[in-house]
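Below: one structure, written as C-alpha cells.
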Amino acid sequence: MFPFLLYFITAVVTGFHIYTLLSLVVLGVPINPLEVVALLGSLCLLIAAYISLFKPHAAARLALVATLAIWSFYGPAIANAVRTRLERRTTSSHIMPLQGASVGPALRAKAIS
C-alpha cells in the first residue's frame with residue numbers, strides 16, 4: 001500500500017505542476033518539450049500506482065522509467081536555480097565609491113566639537 005500512496009501522490013503533485021506550466025500556452029508562452037515528457041512521466045507514474053496494487057515489481061520498473069522522465073524536466077531546472085544562486089554578483093558600491101564617502105571625516109570633526 002505504501003508504494004501506491006507514494007506513486008499516486010507524486011504523480012498528482014508533479015502532474016498538477018506541469019499542467020499549470022503548460023496552461024501558460026494560452027498566454028503565448030512557447031511549449032517546452034521537456035514539460036510534455038514530464039507530463040507523460042507523471043501519467044506513467046499514475047499508471048504505476050495502479051499496477052503496484054497487483055504486480056509490485058512491474059510497477060517499480062515502470063515507476064523508475066516514469067521518474068527518469070519527470071527528472072528530465074526538474075533536473076535541469078534545479079541545476080539552473082542552483083547555478084544562479086551560487087553566481088557571484090558585484091554591487092555598484094564595489095565598482096564605484098560611495099558619493100558620501102568624503103563627508104565622513106567632516107561629520108566626525110563636527111560631532112567632536
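What you see below is based on every heavy atom in this structure, not just the backbone, and it leaves out hydrogens, waters and symmetry mates.
Using modelled atom types, no side-chain atom of Thr10 and backbone atom of Tyr7 make a donor-acceptor pair closer than 3.5 Å.
Side-chain heavy atoms closer than 4.5 Å link hydrophobic residues (I, L, V, M, F, W, Y) into clusters, and following such links, possibly through other members, connects Ile78 to Leu34. Hydrophobic clustering of Ile, Leu, Val, Met, Phe, Trp and Tyr side chains at less than 4.5 Å, counting indirect connections, keeps Val12 apart from Leu6.
Here side chain to side chain donor-acceptor pair (under 3.5 Å) pairs that include residues 15-44, with residues two or more places apart or in two chains, are Thr14-Ser42, His17-Tyr74. Applying the ring pair (Phe, Tyr, Trp, His ring centres under 6.0 Å) test to residues at least two apart or on different chains, the pairs with a partner in residues 22-72 are Tyr50-Phe54.
Residues meeting the side-chain contact (heavy atoms from CB on, under 4.5 Å) test with Val26, sequence neighbours left out: none. By the side-chain contact (heavy atoms from CB on, under 4.5 Å) test, Leu39 pairs with Ile18, Leu22, sequence neighbours left out. Remark: Phe4 pairs with Phe8 by the ring-ring contact (aromatic ring centres under 6.0 Å, His included) rule, at least two apart or across chains. Scanning for side-chain contact (heavy atoms from CB on, under 4.5 Å) contacts around Leu68 gives an empty result, with sequence neighbours left out. Residues satisfying the side-chain contact (heavy atoms from CB on, under 4.5 Å) test with Ala11, not counting sequence neighbours, are Leu45, Leu46.
Scanning all heavy atoms of the two residues, the minimum distance from Ala48 to Ala63 falls at CB-N, 4.0 Å. Ser72 and Pro76 get closest at one heavy-atom pair: O-CD, 3.4 Å. Looking at every heavy atom in both residues, Ala69 comes nearest to Gly41 through CB-CA, 3.9 Å. In terms of heavy atoms, Ser52 sits closest to Pro3 at OG-C, 4.2 Å.
For Ile31, the CD1 atom is loosely surrounded, since the number of other residues' heavy atoms within 6.0 Å does not exceed 12.
In this structure, CD1 in Ile51 is found 9.0 Å from SG in Cys44, a value given to the nearest 0.5 Å.
The other residues sharing a hydrophobic cluster with Val13 are Ile9, where clustering joins ILVMFWY side chains under 4.5 Å apart.
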